[in-house]
Amino acid sequence: MRNFFFLCLLILPITVFSQQKVTDLFGFDSKYNSTDSIKKKAEKIATIDMYRVITLERDTTYIDTSLTIKKMYNFNYLRRDNFGLMPFSNEGQTYNTLQYSLNAFSPYPEFGFKAKHFNFLEANQIRYSSVATPVTELYFKTVMKQGQNVDAFFTLNMSPRLNFSIAYKGLRSEGKYVNQMSSTGNFRFTTSYNTKNERYFANAHFVSQDLLNEENGGITNAEDFESEDPAFENKDRLEIYLSDARSFLKGKRIFLDHFYRINPTKGDNNLYVNHQFNYENKFFEYNQATVTSSLDQFGTVYRFGDSYKTSGINDQTHYNKTYNKVGVTYENTTLGKFQFFADDFFHNYYYNQILVLDDQTIPSSISQRINSVGGQYEYRKNKWNGKFLLSRSLSNQSLSNLDAKMLYDWSDDIQFSFQYQNMNKLPNLNYNLYQSSYVAYNWSNDFKNEKINSITASAITPWVEASVQYSTFNDHLYFEDISNDDQIASRQQIVAPKQYGNTINYLSVKANKEFKFWKLALDNTLLYQKVDQSDLILNVPELVTRNTFYFSQEMFRKALFFQTGVTLNYFTNYYANEYNPVIGEFFTQDKKKIGNFANLDFFFNARLQRTRIYIIAEHFNSSLTGNKYYSSPSNPYRDFMIRFGVVWNFFQ
């Protein structure tokens with residue numbers, strides 16, 4: 001697959017520059033063709049609104065090749081603004097969640113292993129295209145050591161009614177620490193189609209993803225790192241717990257969302273039949289060739305406790321699901337859209353054996369069929385846009401979801417939104433069942449449903465962008481370090497799922513404001529969070545901030561535009577969650593706080609036509625502030641490094 005991708009990477013630019021205009025297919029020529037120096041009156045010009053990006057909810061944006069400070073925030077491995085996420089030291093590893101309101105919830109039981117899913121593209125994250133002429137986007141960014149991060153995307157319309165796109169994102173990075181290599185791949189294929197009379201519309205995609213991480217379990221002695229001893233300036237010399245462990249997440253998905261209008265012509269009243277199909281399989285594997293860790297400072301350590309095997313641990317968890325949703329929609333141009341639907345959700349989460357222990361029997365699988373019915377009302381008229389969803393299960397499982405959203409466009413520059421969600425959520429599957437070669441990492445539970453209530457209000461104005469969220473969590477599920485004193489003294493890490501019986505109240509207030517003067521600008525994002533709880537279960541920093549001071553300038557008769565400046569990232573001290581590679585999850589701990597360090601990045605960004613160039617000196621102040629910077633209690637954050645990248649768009 002990787003060889004195929006790099007071949008495409010070489011061929012696509014050649015194809016783009018060598019082909020002639022495609023007037024026969026589309027009926028118009030592209031304004032981006034550089035072979036014409038004089039516009040002909042007979043030519044039709046492809047405008048920016050002919051290059052559309054469409055979400056599953058059919059919200060539309062346009063391909064944007066401008067250079068803004070927001071684009072720099074998106075220039076990372078996830079290809080989206082990662083404010084509120086704390087990356088680990090190597091590209092392609094997991095992220096610690098600083099902003100809890102980033103979490104999205106589904107009432108259905110999910111696979112779990114959430115720490116491995118940050119770069120796993122879900123069905124609602126896939127974007128569909130409709131373009132006047134073929135479009136190519138190439139993304140490249142250097143990594144920490146021995147590798148690269150690339151993302152190639154190509155889309156074209158075979159006709160105005162049929163679009164295809166193909167994309168592949170690949171990463172390989174060795175990392176600065178021992179046993180930290182990341183190797184990931186995300187292949188995407190999409191197609192969109194509608195009939196000439198616009199009675200039938202369909203969006204479909206196929207996705208294949210694999211994420212491989214070497215797992216070193218963190219550094220064994222924080223004093224070696226924090227002492228700034230020159231002997232440990234080379235991070236390969238810092239001792240880590242695991243030298244031959246790795247985790248692997250792989251998944252494939254086939255997805256189809258389509259609808260058909262019953263009445264032949266579209267009028268004031270329309271009736272549609274809707275169907276959505278989603279088949280997905282996932283596979284998580286944890287490998288560790290050597291069970292014991294031979295450490296210079298602590299001797300022989302059984303990091304995750306006793307094991308049924310003396311070597312060659314190979315824990316495998318399998319999962320597949322099939323989801324079908326069928327509905328009927330009535331649309332009235334005055335009243336809005338009324339949809340009634342029924343869905344069928346079936347999953348199989350399984351291992352290859354049944355474990356019979358002294359105190360319990362661990363089953364080999366969990367299989368469930370969940371049937372639900374619901375209704376949705378959507379209203380879009382004038383300045384109002386609203387969507388109200390209510391669903392409830394018919395089968396034995398207790399499941400429900402109420403989601404109400406309202407959006408009001410006061411003017412072109414002012415917008416207000418409100419959302420309320422009440423969810424009765426089934427537990428993720430790895431809370432209820434897990435099997436491992438490690439004795440302590442086997443469990444079979446029957447947890448209660450999680451109850452989530454959330455209210456969110458936000459405003460976008462010329463003066464400030466702000467949002468407030470207040471949430472309550474009952475029967476909250478989480479992972480906890482249950483190691484006893486003897487196990488802690490033996491450097492063991494024993495983790496198990498828990499359910500919290502009390503209520504957790506969570507409040508977040510987020511604001512963004514950019515100040516501009518002359519060619520200077522100061523972009524500020526501030527997040528305040530407060531948690532009311534009896535125990536340390538949901539742990540987040542009270543304050544998270546990002547401040548960017550930069551200078552912008554056009555040169556060479558506006559042929560070149562650049563921005564240069566400094567970005568400060570900061571969060572206050574808190575008991576951050578720790579990462580456990582055996583279960584691919586974060587767990588709570590109350591032994592060590594991290595945070596309260598300034599992370600400064602210097603950047604120089606430039607735009608030349610439709611090419612954006614990024615040069616970033618990441619964490620350039622790392623040698624000035626002391627080695628107190630961590631992504632989790634045992635995983636240091638990145639040292640100073642200079643990284644280069646480019647995003648290049650071709651419009652044929």
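Any value given below was found using the heavy atoms of this structure, including those in side chains, with hydrogens, waters and symmetry copies removed. Note that the structure is a prediction, hence the values are computed from the model and not measured.
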For M86 and F571, which heavy atoms make the closest approach, and how far apart are they? SD-CE2, 3.9 Å

Under a 4.0 Å threshold between the charged nitrogen and the carboxylate oxygen, would E280 count as salt-bridged to R253? yes

Is N422 close to Y420 at the side-chain level, that is, under 4.5 Å between some pair of heavy atoms? yes

Does K383 count as lying over the ring of F416, i.e. NZ or CZ under 6.0 Å from the six-ring centre, within 45 degrees of the axis? no

Within 45° cone and under 6.0 Å: K282 NZ/CZ vs F113 ring: no

Short N-O contact, D64 and K70, less than 4.0 angstrom: no

Taking the side chain as C-beta and beyond, is there a heavy-atom pair between Y350 and L433 under 4.5 Å? no

Indicate yes or no: at least one non-hydrogen side-chain atom of Y528 is less than 4.5 angstrom from one of L526. no

Do Y100 and F473 have ring centres separated by under 6.0 Å? yes

For F479 together with Y431, are the ring centres under 6.0 Å from each other? yes

Between F75 and Y139, does the ring centroid distance fall short of 6.0 Å? yes

Test D59 against every option in R52, R380, R127 by the salt bridge (Lys or Arg N to Asp or Glu O under 4.0 Å) rule and name the one that passes. R380

Determine whether the aromatic ring centres of Y62 and Y51 lie less than 6.0 Å apart. no

Side chains of N430 and Y349: closer than 4.5 Å at any heavy-atom pair? yes

With the side chain counted from C-beta on, respond yes when H275 and V273 share a heavy-atom pair under 4.5 Å apart, and no when they do not. no

Would you say that F259 contacts R261 through its side chain, given a criterion of any heavy-atom pair below 4.5 Å between the two side chains? no

What are the two closest heavy atoms between R612 and K71, and how far apart are they? NH1-NZ, 3.5 Å

